[in-house]
Amino acid sequence: MSETRAILEDTCAKLFARFEEPAVLRRVEETGDCAEVWAAVAEQGLDQIFSGGSDDPWRDACVVLKACGRHVLPAPLAETLMAGAVLGEAAPEGPLTLAAPAQSELTVGHDGNLTGRLDRVAWGGAARHVVAEAVGRAVVLPVSSARLHTDRTISREPRDTLLFIDAKPVGSAPRDGQPTAIGALMRAAQMAGCIEAVLAMTVQYARDRQQFGKPIGSFQAIQHQLAILGGHAAAASRVVDAAFDRIAATNASPEVLLNEAAFTKIRCGEAAGVAASIAHQTHGAIGFTDEHRLHYFTRRLWSWRSEFGSEAHWSAILGRQVAATGADAYWPMVTAAG
Amino acid sequence: MGAFRFDAVEIPPDAERLRGEVRAFLAEEMPNYPAHVRAGSWMRLEPEFSRKLAAKGWVGMAWSKAYGGHERSFLERYVVMEELLSAGAPVGAHWIADRQSAPTLLKFGTEAQKQDIVPRIARGEAFFCIGMSEPDSGSDLAATRARAEKTAMGWRLNGTKLWTTGAHIAHYMIGLFRTSTESKHGGLTQFLIPMKTPGLTVRPIRDLTGEAHFNECAFVDVELPPDAVVGGEGQGWGQVTAELAFERSGPERFLSSMRLIVEMIRAIGPDPDSRQAVAIGRLTAHLVTLRRMSLSVAGMLARGEDPALEAAVVKDVGAVFEQDIPGIAANLLDAEPSMDAAKTYERVLAELTMLAPSFSLRGGTREILRGIIARGLGLR
């Protein structure tokens with residue numbers, strides 16, 4: 001990692017740690033009010049990565065997205081960044097969010113205004129603007145012009161429904177940004193960071209917790225489970241880092257975005273399931289309580305895993321593409337993917 | 001951040017050009033290799049094929065020219081290795097010498113050993129086997145009992161080495177022998193042993209595939225000169241640990257079932273049902289990820305760093321992936337493994353179904369690797 005990105009990671013770690021306390025997480029989960037967190041993040045300019053705040057926005061975004069997951073940051077910074085990735089210079093002031101095209105239904109009137117609904121929008125009520133798909137373009141709508149139904153997912157992050165009637169878009173961008181792929185990459189990167197945190201937390205617990213007169217981490221049965229978790233953590237992190245590298249190197253070509261979304265969402269989603277399972281088994285009953293902080297991480301892993309296309313969704317897309325390309329082109333495809 | 005180091009690696013353009021050369025060579029040299037033969041890859045020993053690769057400069061790629069090497073980069077070597085393996089080239093004859101025996105000699109050997117033997121390895125003329133495991137010393141390698149005693153003439157070796165891949169065609173073994181019983185780890189020494197030395201007998205062991213990939217090597221009063229020691233007397237444990245990093249770090253640790261994936265895609269055809277599409281997509285994401293991890297390890301080797309921990313991670317995750325594939329392949333096409341070579345898919349399925357158990361045994365068992373990873377996580 002370059003020195004500037006190491007500094008960026010350190011900045012995120014110090015800043016996000018303030019909001020990683022269960023008291024803060026619980027308050028934001030209960031109220032949906034992330035204003036204080038957002039203000040601190042915006043003050044550091046972390047929301048500006050795709051709006052001129054970085055010379056290498058994809059690689060920098062990767063660092064920040066993983067940090068958002070690692071510290072379960074209770075604010076729509078990941079969503080703001082990736083909405084920025086879709087819109088580029090056209091991005092308005094944040095916080096922003098990104099509607100999943102599969103959960104969007106917007107129709108256009110003759111005047112260009114939009115009517116319809118966006119379902120399960122992450123942090124919908126907290127965002128100033130939402131990026132959605134309409135008539136083959138990415139459009140920007142002010143959340144203030146929507147009727148809002150608040151809802152939660154098991155992450156207890158807001159997943160709101162926004163109803164628009166004859167709403168005027170305040171901006172738009174070409175759709176090659178591929179909103180579903182960009183959303184998938186966002187959740188994959190968050191999962192990779194979150195799994196790292198779950199691994200560290202679980203290793204620490206196994207070293208501290210004593211049973212039968214010694215730390216449970218000294219038992220081979222526990223060690224091997226944590227080794228499996230370690231392997232998944234390493235795989236998730238590597239596939240995500242390489243994906244953002246590759247996207248940066250190809251100027252975010254639509255084809256690369258789609259492939260990398262598939263590789264990362266499939267691999268990180270599977271890793272998330274294993275990581276949550278081993279972490280809970282190792283933590284025992286205390287890890288299943290509301291009091292323990294583990295669930296702030298595992299509930300997000302389960303939720304993120306399903307968003308912007310499940311593993312099955314992306315595996316089917318990738319698998320059909322592989323089958324259509326044919327057996328003899330398979331290995332060249334793998335090496336070309338880098 | 002994180003418990004492991006998997007850094008970005010970029011394959012240089014030179015290495016990508018080399019990839020094209022290797023593909024062209026393989027298309028020329030192995031057009032008629034049946035898929036089930038390709039499935040064996042580095043388990044298949046064809047000295048003639050190895051010599052052709054050596055003539056292309058693809059053995060000893062990263063070694064000094066002073067010892068017959070070609071001074072190419074580790075990443076160029078990686079590209080050649082992965083192309084050979086993914087095509088199922090029969091690279092077994094020189095594989096061990098190229099991967100770990102020559103690097104061990106270059107690192108720890110005497111000048112005479114290096115000058116005498118390493119150039120012959122690079123020419124594809126000297127093949128090696130590894131004498132580590134024994135009847136009572138498998139994962140517990142430091143329990144090695146085969147012993148070497150000092151004599152007036154040099155050394156006298158007695159004992160048995162087991163599961164010795166390729167011993168029946170190898171010219172040399174680098175073997176681990178006990179030279180002192182005072183310390184379990186400190187009393188071990190590596191020896192360079194010509195396989196023709198009197199007193200050394202090689203007995204092939206048929207495995208469950210019906211073929212003999214590995215052997216038992218019995219040593220009865222095998223006399224070696226004083227300069228047969230590789231590295232330091234009593235330094236064997238440390239040297240073997242370094243050697244295992246080479247043994248575990250390569251692309252052979254996740255490409256073993258490659259032929260079955262390819263034949264599965266061929267058998268399914270261009271219009272998969274949704275179950276097949278999902279399975280192929282999932283395997284592809286895993287394969288791409290493993291390759292990216294494996295390349296990171298190659299990058300560490302290239303920078304002279306010690307990738308022992310990361311190599312253990314890739315080998316463990318890779319073996320789980322390779323071993324899952326035969327079961328998935330059988331289910332996706334409702335196929336029954338067959339030994340009938342005319343049934344390409346079923347024959348490859350049979351080959352890899354039978355080979356799969358070895359993937360998490362050879363080069364360090366799953367249990368040993370997970371122990372290494374646990375230590376890396378701070379649990380030991």
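Letters A, B, ... mirror the listed sequences (proteins, then strands); counts begin at 1.
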How many angstroms lie between atom [atom1] of [X] and atom [atom2] of [Y], to the nearest 0.5 angstrom?
{"X": "A:His232", "Y": "B:Thr289", "atom1": "NE2", "atom2": "OG1", "answer": "11.0 Å"}
{"X": "B:Leu377", "Y": "A:Leu229", "atom1": "CG", "atom2": "CG", "answer": "8.0 Å"}
{"X": "B:Leu287", "Y": "A:Arg267", "atom1": "CG", "atom2": "CZ", "answer": "11.5 Å"}
{"X": "B:Met293", "Y": "A:Asp241", "atom1": "CE", "atom2": "CG", "answer": "11.0 Å"}
{"X": "B:His286", "Y": "A:Ser315", "atom1": "NE2", "atom2": "OG", "answer": "8.0 Å"}

- Of B:Arg370, B:Arg380, B:Glu367, which meets side chain to side chain donor-acceptor pair (under 3.5 Å) against A:Gln223?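 Option passing the side chain to side chain donor-acceptor pair (under 3.5 Å) with A:Gln223: B:Arg380.
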
- Does A:Arg207 use its side chain to pair, donor to acceptor, with the backbone of B:Gly378 at less than 3.5 Å?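 Indeed, once roles are kept as given, a pair shorter than 3.5 Å links the two residues.
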
Between [options], which residue shows the highest count of heavy-atom pairs closer than 4.5 Å to chain A?
{"options": "B:Ile373, B:Leu283, B:Val288, B:Ile280", "answer": "B:Val288"}
{"options": "B:Arg282, B:Arg292, B:Arg266", "answer": "B:Arg292"}
{"options": "B:Met258, B:Gln276, B:Arg5, B:Glu82", "answer": "B:Glu82"}
{"options": "B:Gly269, B:Pro272, B:Pro270, B:Ser274", "answer": "B:Pro270"}

- For residues A:Tyr330 and B:Ser86, is any side-chain donor paired with an opposing acceptor at under 3.5 Å?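 A:Tyr330 vs B:Ser86: no donor-acceptor pair found between side chains.
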
- Can you pull out the residues in residues 296-325 of chain B with any heavy atom less than 4.5 Å from chain A?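 Listed by number, the contacting residues are B:Ser296, B:Val313, B:Val317.
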
Contact origin within [X] toward chain B - heavy atom pairs under 4.5 Å:
{"X": "A:Arg246", "result": "side chain"}
{"X": "A:Leu199", "result": "side chain"}
{"X": "A:Gln204", "result": "neither"}
{"X": "A:Pro215", "result": "neither"}
{"X": "A:Glu311", "result": "neither"}
{"X": "A:Gln321", "result": "neither"}
{"X": "A:Thr335", "result": "both"}

- Query: Crowded around B:Asp273 CG? As in, over 12 foreign heavy atoms under 6.0 Å?
  - Reply: yes

- Message: Can you confirm whether more than 12 heavy atoms, excluding those of A:Asp55, are under 6.0 Å from its CG atom?
- Response: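 It does not: A:Asp55 CG has 12 such atoms or fewer within range.
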
Could you tell me which portion of [X] (side chain, backbone, both or neither) has an atom closer than 4.5 angstrom to a non-hydrogen atom of chain A?
{"X": "B:Ile268", "result": "neither"}
{"X": "B:Arg291", "result": "side chain"}
{"X": "B:Arg19", "result": "side chain"}
{"X": "B:Ile261", "result": "side chain"}
{"X": "B:Met264", "result": "neither"}
{"X": "B:Arg23", "result": "side chain"}

- Item | Non-hydrogen atoms of A:Ile266 and B:Gly281 that approach each other most closely | CD1-O, 3.9 Å

- Non-hydrogen atoms of A:Ala323 and B:Ile265 that approach each other most closely: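 Closest heavy-atom pair between A:Ala323 and B:Ile265: CA-CG2, 4.4 Å.
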
If we define contacts as heavy-atom pairs under 4.5 Å, which of [options] has the most with chain B?
{"options": "A:Ala249, A:Ala324, A:Ala235", "result": "A:Ala235"}
{"options": "A:Glu260, A:Gln225, A:His313", "result": "A:Glu260"}
{"options": "A:Ile222, A:Val239, A:Asn259, A:Thr325", "result": "A:Val239"}
{"options": "A:Asp245, A:Ile317, A:Asp328", "result": "A:Asp328"}

